[in-house]
Amino acid sequence: MSRSNTRPAPRWAAFRRLVAAGWPRDGYNDHGTHEALYLRDPDENGLELAWDRPESEWPRDAEGHLAFANRQLDIEGLLAEGA
């Protein structure tokens, strides 16, 4: 489970507030180039909150092409960050 050392903790403050409020989550992924949280609003519209990583941290294959990932985020780690 990847966690960027350069990710500022305040950007996860919104996530911590949603968890504290009991807001239902559909999922959360680390796509390599960005991290995403998936939610639904009261009308059941899908929402994605995404935080981009600096391009220098994007995963690349041996030829330099982007190598997108679909890893689950370390939610407990994110909740503890900056707490």
Side-chain angles (χ1 to χ4, degrees):
M1 306 209 193
S2 175
R3 288 181 53 214
S4 169
N5 292 330
T6 62
R7 179 180 55 239
R11 83 163 115 188
W12 292 102
F15 176 62
R16 284 192 297 276
R17 287 192 303 269
L18 290 167
V19 169
W23 197 281
R25 298 176 305 275
D26 283 346
Y28 23 84
N29 285 306
D30 178 348
H31 294 293
T33 57
H34 66 285
E35 296 167 322
L37 303 173
Y38 302 98
L39 312 161
R40 294 211 172 264
D41 72 8
D43 293 325
E44 293 296 312
N45 295 301
L47 303 171
E48 177 184 12
L49 302 177
W51 291 268
D52 290 335
R53 284 195 171 91
E55 190 172 346
S56 62
E57 294 181 20
W58 290 1
R60 299 194 179 269
D61 64 18
E63 296 175 356
H65 300 112
L66 284 178
F68 288 98
N70 193 22
R71 297 179 302 256
Q72 191 170 19
L73 283 172
D74 175 7
I75 295 303
E76 294 304 317
L78 294 175
L79 290 172
E81 223 176 83

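Reckoned from all heavy atoms, side chains included, excluding hydrogens, waters and symmetry mates. Source: prediction; values computed, not measured. The first residue in the sequence is number 1, and the count goes up from there.
- Judged as a side chain to side chain donor-acceptor pair (under 3.5 Å), and not counting sequence neighbours, Arg25 has no contacts.
- Asp61 and Ala67 make their closest contact through N-CB, 4.0 Å (heavy atoms, listed as atom of the first residue, atom of the second, distance).
- For Trp58, the side chain to side chain contact (heavy atoms under 4.5 Å, CB included) partners are Thr33, Arg53, Glu55, Arg60, Leu66, not counting sequence neighbours.
- Between Tyr38 and His31, the closest heavy-atom pair is OH-NE2, 2.9 Å.
- Closest non-hydrogen pair, Gly32 versus Ala69, comes out as N-CB, 4.2 Å.
- The side chain to side chain donor-acceptor pair (under 3.5 Å) test applied to Asn45 returns Asp41, not counting sequence neighbours.
- Between Gly46 and Arg40, the shortest heavy-atom distance links the atoms N-NH1, 3.4 Å.
- Contact detail for Leu49 and Leu18: the closest heavy-atom pair is CD1-CD1, 4.0 Å.
- Considering only heavy atoms from C-beta on, Arg71 stays 4.5 Å or farther from Asn29 through its side chain.
- A heavy-atom distance below 4.5 Å is not found between the side chains of Trp51 and His34.
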